[in-house]
J.: 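Attaching a single structure in structure tokens format; questions to follow.
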Amino acid sequence: MTTVVAGPATGTHPGHPEARPSDRGRTVLDIVVPVFDEERDLESSVRRLHAFLTSGFPYSFRITVADNASTDATPAIARRLAAEIPEVRTVRLEQKGRGRALRRVWSDSDADVLAYCDVDLSTDLGALLPLVAPLVSGHSDLAIGTRLGRGSRVVRGPKREFISRSYNLILRGALSARFSDAQCGFKAIRSDVARRLLPLVEDTGWFFDTELLVLAERSGLRIHEVPVDWVDDPDSSVDIVATAVADLKGVWRVGRALATGALPLAEVRAQLGRAPLAPPEVPGVPRAMPFQLARFAAIGVASTVANLLLFLALRGMLGPIAANVVALLVCAVANTALNRRFTFGVRGRDRAVTHQFQGLIVFALGLVLTTGALAVLGAVAPGAHLAVEAAVIVGANLVATVLRFVLFRSWVFRSWVFRTRSTTAPLEKATAA
């Protein structure tokens, strides 16, 4: 059961009798304050938030107190505030759960942007406009305050700091999350995005917003991060251990759903996700080549570094020529495999042995270049310093890398390059038409 209490006057927005008369037209921001037994802090926090918004916030707003089945005087205080302040309303839920409260209020809201903040206002309110503005403009789909980003200023104990950073590392490792701070109680979302994503979010507690962010990110939505000033509330009633256990269960559940394809993220991406950026048109340069060059260069840099390290490690045992041969051979096999998979998109075992054999021929040409360079160095400057030898190896490898790309593209993986070009051409023509 849900009870909605608004201020003293009636609203005019059809279908939303709780809308405020001060919202004339549309309400841009509905900021929710979820509470459970917060009789001590609720009134001062709401009045402080209201004073901040009325002192210069450029958008129309509403403050919604979402009471999660409080058993103290919190409901009475919330009703009194709603009766006194036109921009405040209160929603009473008979079941606990921050996620449940946010889902209910956000689903029923008529505002363009939906946000929430913790009742303790640990986050400096100066970050509210930077949080909301990218959503109002359409630049971003969700926005989060981050305590772990560059420019953030945070005051909290080492225990909470360790738990927060560990949790975000778990999210990065288990769910490949790229956002920096999942737990900061300061987030916003566009209402059209919320309507599409909320039915997919199962959690009703503290993991709710983490799950929402993961689904949004996997759907190709843009998440804007705002560095915040944040001061820990030492009297927080959150059970850290219970919350951590629930969050880990949520990570497992979402990870399993993503792995099994149980979530319709492709549909969400098609409906709301941002289209991939088209590469710039360069006359005479195939469309895929810039991306292939970037990936090939990254693999080439890694191969050069690995080759140099192997050369330096083996030189004392094998001498410069033999060390160079062994290092090049090991790196050549790895280089061919990586370029086959990531640069030219060849999957499976089809012609894998052939590609490695052709790669070894390319390796032989690189070997001639680098070994010849060392031989010339030995003839011109016998007993040259190790740093000079290393510089010659690096320079020769750079030349060999350019030659390797040309041969990979025009010979080793030529059929795959042609196949990719022939299959994408009709799509490009259809898009242009």
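Worth saying up front: this structure is predicted, and the values here are computed from it rather than measured.
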J.: I'd like to know whether E87 forms a salt bridge (Lys or Arg N to Asp or Glu O under 4.0 Å) with R62, so could you lay out the CA-CA distance, the side-chain angles of the two residues, the decisive distance to 0.1 Å, and finally the verdict.
T.: CA-CA 5 Å; E87 293 82 10; R62 176 191 303 125; over 6 Å; no

J.: Does any part of the side chain of V193, heavy atoms only, come nearer than 4.5 Å to the side chain of L221, both counted from C-beta?
T.: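 Side chain of L221 against side chain of V193, heavy atoms only: contact under 4.5 Å found.
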
J.: Can you find a side-chain donor-acceptor pair between T71 and D37 that sits under 3.5 Å?
T.: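 Per modelled atom types, T71 and D37 side chains form a pair under 3.5 Å.
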
J.: Are any of the side-chain heavy atoms of Y167 and T210 separated by less than 4.5 Å?
T.: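 Result yes, sub-4.5 Å side-chain heavy-atom pair found.
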
J.: To the nearest 0.5 Å, how far apart are CD1 in I77 and CD in E39?
T.: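 Between atom CD1 of I77 and atom CD of E39 there are 6.0 Å.
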
J.: Let me confirm one number: the CG-CZ distance from L308 to F311, rounded to the nearest 0.5 Å.
T.: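 CZ of F311 is found 8.0 Å from CG of L308.
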
J.: Do L114 and S109 make a side-chain contact, defined as non-hydrogen atoms from C-beta onward lying under 4.5 Å apart?
T.: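 Side-chain contact under 4.5 Å: yes.
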
J.: Can a donor-acceptor pair be found between the side chains of S70 and E38 at a distance below 3.5 Å?
T.: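 Per modelled atom types, S70 and E38 side chains form no pair under 3.5 Å.
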
J.: In Å and rounded to the nearest 0.5 Å, what is the CG to SG distance from D118 to C184?
T.: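 Reported value, rounded in 0.5 Å steps: 7.5 Å.
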
J.: Taking R80 first and then E43, would you say they form a salt bridge - that is, a charged N and a carboxylate O separated by under 4.0 Å?
T.: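 The answer is yes: the pair qualifies as a salt bridge.
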
J.: Distance from T204 atom OG1 to R98 atom CZ, nearest 0.5 Å?
T.: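 Reported value, rounded in 0.5 Å steps: 11.0 Å.
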
J.: For the aromatic rings, using the six-membered ring if either is Trp, is the centroid distance between Y59 and F57 under 6.0 Å?
T.: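 Yes - the distance between ring centres of Y59 and F57 falls below the 6.0 Å cut-off.
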
J.: Carefully, step by step, assess R47 and E84 under the rule salt bridge (Lys or Arg N to Asp or Glu O under 4.0 Å).
T.: CA-CA 11 Å; R47 291 190 182 278; E84 178 183 341; 2.8 Å; yes

J.: Can a cation-pi geometry be assigned to R153 and W230, taking NZ or CZ under 6.0 Å from the six-membered ring centre and within 45° of the ring axis?
T.: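 No cation-pi geometry.
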
J.: Test salt bridge (Lys or Arg N to Asp or Glu O under 4.0 Å) on D72 and R40; report intermediate values, then the result.
T.: CA-CA 10 Å; D72 62 0; R40 187 182 65 177; over 6 Å; no

J.: Let me confirm one number: the CG-CG distance from L258 to L265, rounded to the nearest 0.5 Å.
T.: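 The CG atom of L265 is 6.0 Å from CG of L258, to the nearest 0.5 Å.
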
J.: Less than 4.0 Å between a side-chain N and a carboxylate O, is that true for R26 and D112?
T.: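 R26 and D112: salt-bridged.
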
